[in-house]
Amino acid sequence: MDLAFSPDEQAFRSEVRAFLEAELPDDLRHKVRQRQELAREDYLCWQRILHARGWIAGSWPKEHGGCDWTPAQRHIFDEECHAADAPPLLPFGLQMVGPVIYTFGRPDQKEFFLPRLLSGEHWWCQGYSEPGSGSDLASLQTAAVRDGDDYIINGQKIWTSLAHHADWIFCLVRTQKEGKQQEGISFLLIDMKTPGITVRPLILMDQGHHVNEVFFENVRVPVANRIGEENKGWTYAKFLLGNERAGIAEVAWNKKLLQRLKEMAADTPASGDRLLDDAVFSRKVAETEVKLTALEYCNLRILAAMQEGSPPGGEASMLKLLGSEVTQAITELTVEALGYYAAPYELADRTPGSNWSPVGPDAAEGVMGQHLFMRAITIAGGSSEVQKNIIAKMVLGL
Amino acid sequence: MDLAFSPDEQAFRSEVRAFLEAELPDDLRHKVRQRQELAREDYLCWQRILHARGWIAGSWPKEHGGCDWTPAQRHIFDEECHAADAPPLLPFGLQMVGPVIYTFGRPDQKEFFLPRLLSGEHWWCQGYSEPGSGSDLASLQTAAVRDGDDYIINGQKIWTSLAHHADWIFCLVRTQKEGKQQEGISFLLIDMKTPGITVRPLILMDQGHHVNEVFFENVRVPVANRIGEENKGWTYAKFLLGNERAGIAEVAWNKKLLQRLKEMAADTPASGDRLLDDAVFSRKVAETEVKLTALEYCNLRILAAMQEGSPPGGEASMLKLLGSEVTQAITELTVEALGYYAAPYELADRTPGSNWSPVGPDAAEGVMGQHLFMRAITIAGGSSEVQKNIIAKMVLGL
Amino acid sequence: MDFNLSEEQQLLKDSVDRFVLDDYDFEKRRKTSNSDDGFSRDNWKTFAELGWLAVGLPEEYGGFGGPVETMIVMEAIGRGLVTEPYLPTVILGAGLVAEAGTDAQKESILGAVAEGSCMLAFGYAEPTSRFNLADVSTTAEKKGDGYVLNGHKSVVYGAAAADKIIVSARTSGGVRDNDGISLFIVDNNTKGLTRRDYPTADGLRASEVEMENVEVGADALLGTEGAALPVIEKVVDQGIAALCAEAVGCMEMLKDETNEYLKTRKQFGVPIGKFQVLQHRMVDCFIELEQSRSMTYMVTLKLDEDTESRRKAASSAKAQIGKGGVFIGAQSVQMHGGMGMTDELKISHYYKRLMQIDTMFGNRDWHLKQFAALTQ
Amino acid sequence: MDFNLSEEQQLLKDSVDRFVLDDYDFEKRRKTSNSDDGFSRDNWKTFAELGWLAVGLPEEYGGFGGPVETMIVMEAIGRGLVTEPYLPTVILGAGLVAEAGTDAQKESILGAVAEGSCMLAFGYAEPTSRFNLADVSTTAEKKGDGYVLNGHKSVVYGAAAADKIIVSARTSGGVRDNDGISLFIVDNNTKGLTRRDYPTADGLRASEVEMENVEVGADALLGTEGAALPVIEKVVDQGIAALCAEAVGCMEMLKDETNEYLKTRKQFGVPIGKFQVLQHRMVDCFIELEQSRSMTYMVTLKLDEDTESRRKAASSAKAQIGKGGVFIGAQSVQMHGGMGMTDELKISHYYKRLMQIDTMFGNRDWHLKQFAALTQ
């Protein structure tokens with residue numbers, strides 16, 4: 001047993017750190033640090049920089065343009081990126097549809113989609129959830145009816161993150177109504193410019209435009225845009241959900257958020273003391289840090305197992321549960337640290353590029369918005385309740 | 001709206017207080033205060049004193065030997081008794097079977113049983129639970145087969161509190177196997193001296209002998225000892241359970257326990273400080289006291305409603321839930337307050353009348369034992385999970 | 001011991017409940033909240049006509065009722081998520097004047113509040129004070145008959161709409177001394193007073209109020225010079241009781257809405273209310289509500305007891321309400337799933353208000369600390 | 001990064017696991033625990049023969065292995081709820097000697113420990129010290145070449161069985177000074193040393209150790225006079241890591257037993273494991289166990305890092321283990337219903353041990369406070 005990273009891994013860490021030092025633009029750093037909403041161009045700017053360095057897809061095989069990094073390398077890369085306040089990489093293309101395409105796609109699909117995905121030319125979004133199917137994903141109703149070489153799509157997706165930025169959407173659609181729900185689903189790649197697609201913003205409680213409803217009205221999609229076999233989409237969907245959960249613990253990001261919280265509490269005057277010196281507040285921070293440490297070592301154990309070839313099973317659900325709880329604990333404490341200054345809430349606060357200055361201390365910027373948006377992480381991607389059902393069944397056999 | 005007790009009620013409080021001052025024996029006070037296990041004679045001694053004063057059955061109608069006190073009077077009586085460290089009144093006779101007898105019993109049953117119950121001549125215990133029927137009470141299997149003027153009883157009861165002290169047991173037995181479970185149950189009164197009854201101690205985790213298994217092997221019970229109709233026992237059982245839950249919040253007792261905790265924490269040295277001055281410990285005590293205050297006012301609201309004639313419904317389940325949580329919180333904190341001195345655990349500690357002196361501070365006596373025994377209160381009398389099921393169904397309609 | 005409303009109180013309750021039901025549905029509330037003022041002056045006029053702005057004020061100045069009546073109004077305000085600045089004007093502002101004002105001040109202000117022609121706000125917090133009401137850096141120096149005020153008051157709810165802002169300022173003593181704090185009634189348009197107005201996360205309006213050499217007359221002093229802290233504490237405790245009632249209104253609405261959602265929303269072929277985990281969660285919400293309601297009655301009925309008893313009541317009630325409100329709010333969002341996250345459903349708005357209520361006048365940590373100190 | 005055991009470690013694990021499985025079933029354990037000594041000297045001999053009493057000791061005195069090997073043994077001790085005083089003798093007692101002893105002390109004690117002929121105990125707590133290792137009122141005054149000890153050591157586990165008791169005593173400084181603490185090795189039969197022995201709630205044995213003018217020679221001093229605190233802290237951190245492993249053994253046993261009970265116990269016609277609330281509760285137990293195991297690996301692998309890093313590791317691990325252990329213990333009792341309350345089922349015994357582990361070497365509150373101070 002040994003906690004140390006290998007010399008190679010340590011060298012890799014230095015390399016990543018030097019790269020970030022040199023290449024991460026200051027304005028992006030600042031925006032991330034100040035919890036500002038990122039514009040489409042902000043994401044793409046960072047994607048292009050990483051793409052130029054060949055580091056845009058750490059987990060992908062080299063043949064498809066990835067780095068084929070070990071789990072430990074990915075972990076190191078993640079840690080360094082978050083420590084440097086780099087923007088997050090959106091998962092929809094890189095973690096979700098990309099691996100589906102290179103695993104199940106035809107050669108022409110790989111050739112067309114993968115390079116564009118990596119370069120940022122294609123921005124992807126995810127068409128899974130529907131109004132009637134939340135936790136019960138397989139009950140989806142969006143229908144695809146065969147018409148010659150096309151499918152004609154009618155239906156609605158919901159909670160589609162950043163669909164308003166997207167060039168393409170990958171969709172689960174129903175191609176068969178009979179039999180088991182899971183057995184009539186197909187997996188389609190759809191150009192967002194196709195006539196009949198309407199994107200309607202769904203404003204969330206932080207008043208931000210993160211997600212959308214996407215309506216399909218007689219949308220024609222070439223059958224050639226289907227991944228794999230008709231009615232086998234559930235297989236690809238589950239594969240994708242498995243990938244979605246890798247890295248779900250968000251250890252590096254949580255560490256960064258916790259560090260910011262501690263800095264803020266050290267700077268916050270609390271009637272003559274520093275807030276961080278308040279016994280009860282500092283205990284809550286310590287409790288959260290202990291929980292994060294436990295999560296970190298759970299994550300490392302699972303990474304080590306993956307490195308030896310064991311795929312994560314129910315453990316991924318555990319990481320998702322714990323990671324989301326830790327994040328919510330940190331954002332709640334961050335709001336609490338601000339006291340009354342958590343209340344001021346101007347929309348400008350969340351608008352990219354505004355010249356607005358926050359009310360109260362600088363560190364107050366974006367805190368409430370982030371907290372409110374983070375209420376979603378115990379709901380999206382399989383709610384906490386669903387994750388517990390999964391563990392009860394898969395791990396405990398109940 | 002008004003929180004004040006009426007002048008009559010305040011006068012009643014003074015009367016109770018003066019009575020306790022004059023009549024409660026010091027050795028009983030001391031035993032209760034030191035959390036010592038009470039002997040059979042301790043309970044009976046106090047019962048006889050109250051009986052002589054005519055205050056043994058506050059809630060009973062006057063015609064049956066009770067006081068017909070209002071809910072407010074009962075609340076006041078309870079508060080004063082606990083404040084004075086009076087021993088508890090055991091519920092099995094006074095709260096449970098007594099009201100069943102005077103509500104559903106025949107005149108001859110009332111005449112025989114009620115005076116003996118009140119005087120303490122008959123010590124009652126409760127034969128409800130069975131090994132196979134815990135939360136699912138109605139699934140009980142103990143069989144009563146008619147044979148002339150007798151029933152012949154075979155089966156087993158479990159968790160029978162203080163059966164080793166009891167003269168009589170009231171039992172739910174199965175008189176019919178067909179049909180709905182609830183419709184084949186009868187309610188019998190059984191003399192513990194009847195041949196065929198064996199009482200086997202069940203030692204609990206505090207190493208105390210509180211509960212027993214009671215075995216019935218061809219036990220003959222006169223049909224005349226049945227309450228009400230054959231196969232209607234479930235009705236009487238539910239009536240009894242309803243009464244069991246009145247006063248279940250144990251507000252007065254919890255207040256006393258909390259006060260003891262605060263005294264102890266004020267006396268406990270914690271490396272140069274008083275433990276009560278520790279910000280985190282005192283906060284936990286404060287949280288518990290707030291919870292107890294909320295419980296107290298929930299209880300008062302329900303008492304006030306009862307005073308106006310509304311029987312408690314699902315609210316009783318709420319009181320039971322909250323009361324047991326508060327008690328466990330207090331006993332946990334009391335153990336915590338002792339630090340290392342919670343560990344010493346000699347059986348003498350729990351044996352009535354021993355000359356043993358506790359290890360560590362005087363206040364350490366009985367603390368761990370009480371904490372361990374109190375783990376049962378979220379299990380017995382309908383587990384917390386069952387109480388929540390009841391509220392979900394009865395109050396929320398889920 | 002009696003938890004029933006009198007006949008008059010029941011009439012008041014019917015009246016405010018009807019208003020919220022008929023005239024304050026969620027869509028209207030959203031429009032009102034998003035308007036420039038963040039509330040409706042028409043509604044304010046209605047409040048005045050129906051007498052609600054006189055609740056809790058002294059009878060000699062046209063007022064009626066006391067803590068119970070205030071509780072009734074505030075609970076309805078909570079149910080409707082009403083954005084009109086009732087708390088800053090009627091409870092805090094008029095409360096301070098009623099408690100400490102001269103006859104002349106009462107005469108000129110309380111009647112105007114009751115008839116809707118005067119709105120008030122109370123600036124007590126400062127950037128470094130956190131929740132300590134005695135931590136006052138703002139200074140008031142004597143100048144001639146009057147005073148010169150300098151300082152910064154933080155997150156003053158209702159300040160933009162207020163005709164007069166009441167501020168705490170230090171006339172003597174060190175920054176955190178209990179003695180030496182005074183109250184001043186400052187006209188909102190006084191020279192040297194500048195505001196930065198902003199919406200708050202819970203859809204209300206607040207302001208940073210900066211005073212630079214603001215000159216006020218002797219008649220601006222509210223109460224005895226240097227002895228304002230007990231007055232502030234008393235009125236803030238009244239504010240806490242009112243907030244508790246508002247929170248109970250919010251919580252009850254969330255409990256009802258979420259319970260209904262559990263019965264109607266289907267997943268895996270059954271209403272999600274059939275899942276035991278959600279049933280028990282809903283029970284936890286119900287219990288938090290009942291506890292919060294009990295504590296609200298308790299603090300409301302103890303507002304006129306002695307100081308220590310009142311402060312214990314206020315701190316314990318606030319601690320419960322803060323915890324219960326945030327719990328019910330967060331769980332209502334969670335049980336509504338994605339829909340709970342949206343701006344278009346009312347759920348998240350109640351959650352945001354309950355979060356704010358937890359912070360206002362000191363959060364759980366603060367009040368548990370006060371309570372611990374009072375009960376040791 | 002590697003969380004696998006080496007081949008030798010796996011062999012050790014197989015050996016201790018087999019012993020617990022074959023020779024330490026619950027009935028045997030109960031008898032042993034209820035015997036006069038509270039443990040079995042035969043078992044102790046077996047431990048010696050199998051080499052377990054040498055684990056973690058320096059190789060030059062017959063020892064082998066390090067923190068990982070200790071973790072392996074302690075986890076099995078947890079699973080079996082083993083009552084033999086392994087922690088007081090091998091980890092604390094021998095640990096102190098190995099850390100601070102002279103060659104002569106190591107020579108005379110460590111070999112004897114390894115071969116099972118010497119048992120040890122460590123008295124560090126006092127009636128007023130609570131969890132502060134530096135709070136030492138016991139005094140050691142120089143007398144000739146030796147020392148005279150006076151004081152009271154609280155709840156010394158394993159003291160009755162110990163041949164030698166190591167105690168902390170103050171040779172200089174004030175009661176809570178970090179400097180001025182020394183360690184002494186005192187023969188259990190020394191004149192002036194009296195014990196009150198008693199069983200503990202978790203079925204072990206401990207004692208109050210009082211010293212009245214106990215005279216010891218110069219060779220009783222363990223380590224440098226007045227400089228014992230860092231030694232004590234280091235060895236206590238090793239004790240914490242060992243306790244964490246023991247707790248993981250307890251928790252795993254409870255998790256497995258309770259999960260099995262949920263599958264077999266029927267109520268309302270179905271196994272109670274079909275109730276979603278119990279499923280999720282069991283998931284919470286599983287997660288607490290996984291977190292506790294991860295933290296145990298962490299602290300075990302960080303015992304040899306610098307002081308600050310080691311102390312952070314120990315305090316964070318102890319805080320997690322205390323919380324997780326008590327949670328799993330209490331929930332296992334609750335999910336077993338009445339049966340969980342009984343003395344005859346093993347469940348409650350694990351709960352009692354986990355409660356004690358939470359307290360030992362400082363409870364959650366204490367370690368969260370230490371951790372907060374170390375990470376600010």
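Reminder, nothing fancy here: chain letters follow the sequence lines and each chain counts from 1. A quick note: this is a predicted structure, and the numbers were derived from the prediction, not measured.
Arg301(A) places no side-chain N or O within 3.5 Å of a backbone atom of Tyr297(D) that could act as its donor or acceptor partner.
With chain A as partner, the option from Asn4(D), Val68(D), Leu5(D) having the largest number of non-hydrogen pairs under 4.5 angstrom is Asn4(D). In terms of heavy-atom pairs under 4.5 Å with chain D, the best-connected choice from Lys291(A), Glu308(A), Glu263(A), Glu9(A) is Glu308(A). In terms of heavy-atom pairs under 4.5 Å with chain A, the best-connected choice from Lys274(D), His280(D), Met295(D) is His280(D). Taking chain D as the reference chain and counting heavy-atom pairs below 4.5 Å, the highest number among Leu321(A), Val290(A), Leu396(A) is found for Leu396(A). When each of Asn389(A), Leu303(A), Asp277(A), Val285(A) is scored by its heavy-atom pairs under 4.5 Å with chain D, the top score falls to Asn389(A). In terms of heavy-atom pairs under 4.5 angstrom with chain A, the leader among Leu262(D), Ile287(D), Asp2(D) is Asp2(D). Here Arg283(A) is the residue among Arg283(A), Glu296(A), Lys262(A), Glu385(A) with the most heavy-atom pairs under 4.5 Å with chain D.
In this structure, Asn259(D) has no side chain to side chain donor-acceptor pair (under 3.5 Å) partners at least two apart in sequence or on a different chain.
Taken to the nearest 0.5 Å, the CD atom of Gln320(D) stands 10.0 Å off from the OG1 atom of Thr293(A). If you take CD on Glu290(D) and CD1 on Ile302(A), they are separated by 7.5 Å, rounding to the nearest 0.5 Å. Atom CG of Leu292(A) and atom OG of Ser316(D) lie 11.0 Å apart (nearest 0.5 Å). Atom-to-atom distance recorded for Leu300(A):CG and Met298(D):CE is 11.0 Å, nearest 0.5 angstrom.
In the displayed structure, Lys234(D) atom NZ is contacted under 6.0 Å by at most 12 heavy atoms of other residues, nucleotides or ligands.
At a heavy-atom cut-off of under 4.5 Å, chain A is reached by Asp365(D) from residues 359-367 of chain D, listed in order of number. Taking 4.5 Å as the heavy-atom cut-off, the residues of residues 301-313 of chain D that approach chain A are Leu301(D), Lys302(D), ordered by number. Residues from residues 368-376 of chain D that place a non-hydrogen atom less than 4.5 Å from a non-hydrogen atom of chain A comprise Leu368(D), Phe371(D), Ala372(D), Thr375(D), Gln376(D), given in numerical order.
Of the two parts of Lys323(D), neither the backbone nor the side chain holds a non-hydrogen atom closer than 4.5 Å to a non-hydrogen atom of chain A. For a residue to count as touching a neighbouring chain, one of its non-hydrogen atoms must lie under 4.5 Å from one of that chain's; by this rule Ala266(A) does not touch chain D. With a 4.5 angstrom heavy-atom cutoff, Phe3(D) touches chain A via backbone and side-chain atoms both.
Of all heavy-atom pairs between Met1(D) and Leu3(A), the closest is CG-O, 4.0 Å.
A 4.5 Å side-chain heavy-atom check between Lys393(A) and Gln279(D) finds every atom pair outside the cut-off. Counting heavy atoms from C-beta on, the side chains of Met71(D) and Met1(A) come closer than 4.5 Å. Two residues are said to be in side-chain contact when any heavy atoms from C-beta on lie closer than 4.5 Å; Asp284(D) and Lys388(A) meet this criterion. Annotation: side chain of Met282(D) is not in contact with side chain of Ile391(A) (no heavy-atom distance under 4.5 Å).
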For this session: Walk me through it: do Leu398(A) and Lys263(D) pass the test side chain to side chain contact (heavy atoms under 4.5 Å, CB included)?
Result: CA-CA 7 Å; Leu398(A) 294 174; Lys263(D) 288 180 187 173; 3.9 Å; yes
